[in-house]
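Here is the structure we will look at.
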Amino acid sequence: QVQLVTSGGGLVQAGGSLRLSCVVSGYSFNNYAVGWFRQAPGKEREFVAVISRSGGTTDYADSVKDRFTISRDNAKNTVLLQMSGLKPEDTAVYYCAARGSLVLTGIDTQYDYWGQGTQVTVSS
C-alpha cells in the first residue's frame with residue numbers, strides 16, 4: 001500500500017516561511033516524480049511545484065517561482081517544499097502527490113497517489 005504523509009503546515013504571518021514535508025512509503029520512491037498542489041476554499045486545486053525522480057529537474061507555478069523550493073532526499077523517501085515570502089493568497093490546504101513517470105506535469109489527474117493534505121494559513 002502506497003502512502004504519502006504530509007506535515008509542516010501551520011499559521012504564519014505574511015513574509016514568513018514554512019517547510020512542508022512529504023514522506024512516502026510502500027514503493028520504490030525514486031521511481032516516482034512528486035508534486036505539490038494546493039486548494040484554497042472555494043477554488044479548484046492548483047499546481048505548485050514538481051520534482052523529477054532523480055531530483056535533477058524541477059518546475060514551479062509562476063505564482064510561487066522564486067519564493068518556493070522543492071527538493072527530495074531519496075535516501076529518506078522525503079520531498080520537501082520550502083516556502084518563503086509567504087503571502088495571504090498562499091493560504092490553502094497543500095497536498096503532495098506521486099506519479100510514476102519521467103514526464104513532469106502540473107495536471108493533478110495525472111498523479112497516481114495523494115497525501116492527506118496539510119493546512120497553511122498566512123495572515124496579513
Side-chain angles (χ1 to χ4, degrees):
Q1 182 77 17
V2 175
Q3 286 190 320
L4 288 78
V5 178
T6 55
S7 62
L11 173 64
V12 64
Q13 289 187 333
S17 299
L18 281 174
R19 188 177 71 173
L20 305 184
S21 174
C22 176
V23 179
V24 184
S25 62
Y27 65 88
S28 298
F29 177 66
N30 57 3
N31 286 339
Y32 284 76
V34 177
W36 284 96
F37 293 79
R38 66 187 183 186
Q39 187 167 21
K43 295 187 177 181
E44 293 188 352
R45 187 163 55 192
E46 65 174 0
F47 167 72
V48 175
V50 62
I51 189 164
S52 65
R53 302 187 309 184
S54 68
T57 303
T58 59
D59 194 20
Y60 298 89
D62 288 342
S63 59
V64 306
K65 203 168 291 184
D66 298 327
R67 297 189 298 121
F68 290 11
T69 301
I70 188 171
S71 62
R72 69 189 291 161
D73 184 340
N74 284 350
K76 296 181 179 179
N77 284 18
T78 299
V79 172
L80 301 175
L81 184 68
Q82 179 68 47
M83 306 184 295
S84 60
L86 283 162
K87 305 175 181 180
E89 50 264 44
D90 293 319
T91 295
V93 177
Y94 283 70
Y95 301 88
C96 66
R99 179 170 187 260
S101 173
L102 285 171
V103 178
L104 301 187
T105 179
I107 301 173
D108 58 356
T109 55
Q110 295 188 1
Y111 284 76
D112 303 308
Y113 304 102
W114 289 83
Q116 84 283 11
T118 185
Q119 176 70 47
V120 172
T121 303
V122 184
S123 62
S124 57

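Keep in mind that the numbers below use all heavy atoms, side chains included, and drop hydrogens, waters and symmetry copies.
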Quiz item: Between Asp108 (side chain) and Arg45 (backbone), is there a donor-acceptor pair under 3.5 Å?
Solution: no
Are Ile51 and Val23 connected in a single hydrophobic cluster, I mean Ile/Leu/Val/Met/Phe/Trp/Tyr linked by side-chain heavy atoms less than 4.5 Å apart? no
Rounded to the nearest 0.5 Å, the CZ atom of Phe68 sits from the OG1 atom of Thr58 at a distance of 14.0 Å
Rounding to 0.5 Å, atoms OG1 (Thr109) and CZ (Arg99) come to a distance of 9.0 Å
Closer than 4.0 angstrom, basic N to acidic O: yes or no for Asp90 and Lys87?
no
Honestly curious: do Tyr60 and Met83 fall in one hydrophobic cluster under the side-chain, below-4.5 Å linking rule? yes
Is there a side-chain contact between Gln119 and Thr91 (heavy atoms, below 4.5 Å)?
yes
Shortest non-hydrogen pair, Leu81 vs Ala49, comes out as CD1-CB, 4.2 Å
Under 3.5 Å donor-acceptor, Thr6 side chain and Cys22 backbone:
no
- Indicate yes or no for a side-chain donor-acceptor contact from Asn77 to the backbone of Gly26 under 3.5 Å, with no hydrogens or angles considered. no
Please report the C-alpha distance between Ser17 and Val12 in whole Å, then the side-chain angles of each, then the deciding distance to 0.1 Å, and finally whether the side-chain contact (heavy atoms from CB on, under 4.5 Å) criterion is met.
CA-CA 7 Å; Ser17 299; Val12 64; over 6 Å; no
- Query: Does Phe37 share a hydrophobic cluster with Leu4, counting links as ILVMFWY side-chain heavy atoms below 4.5 Å and allowing steps through other members?
  - Reply: no
Could you check whether any side-chain heavy atom of Lys76 comes within less than 4.5 Å of a side-chain heavy atom of Ser21, counting everything from C-beta outward? no
Taking atom NZ as the centre, does Lys43 end up with more than 12 heavy-atom neighbours from other residues, nucleotides or ligands that are less than 6.0 angstrom away? no
| Judged by atom type as modelled, is there a donor-acceptor pair below 3.5 Å linking the side chain of Arg72 to the main-chain atoms of Gly55? | no
- prompt: Can you find a pair of side-chain heavy atoms, one from Phe29 and one from Val79, that are under 4.5 Å apart?
  reply: yes
Establish whether Tyr113 and Val48 are linked, either directly or via other cluster members, by ILVMFWY side-chain heavy-atom contacts under 4.5 Å. yes
Can you hop from Val2 to Trp36 via hydrophobic side chains spaced under 4.5 Å? yes
Is a side-chain N or O of Tyr111 found less than 3.5 angstrom from the main chain of Ala33, in a donor-acceptor match? no
Distance col, row Ser124:OG vs Glu89:CD, nearest 0.5 angstrom, shows 10.0 Å
Between Cys96 and Val34, the two heavy atoms sitting closest are CB-CG1, 4.5 Å
CD (Gln110) and CG (Asp112) are apart, to the nearest 0.5 Å, by 9.5 Å
So CD of Gln82 and CD1 of Ile70: to nearest 0.5 Å the spacing works out to 12.0 Å
Value for CG (Asn31) from CG (Leu102), rounded to nearest 0.5 Å, stands at 9.5 Å
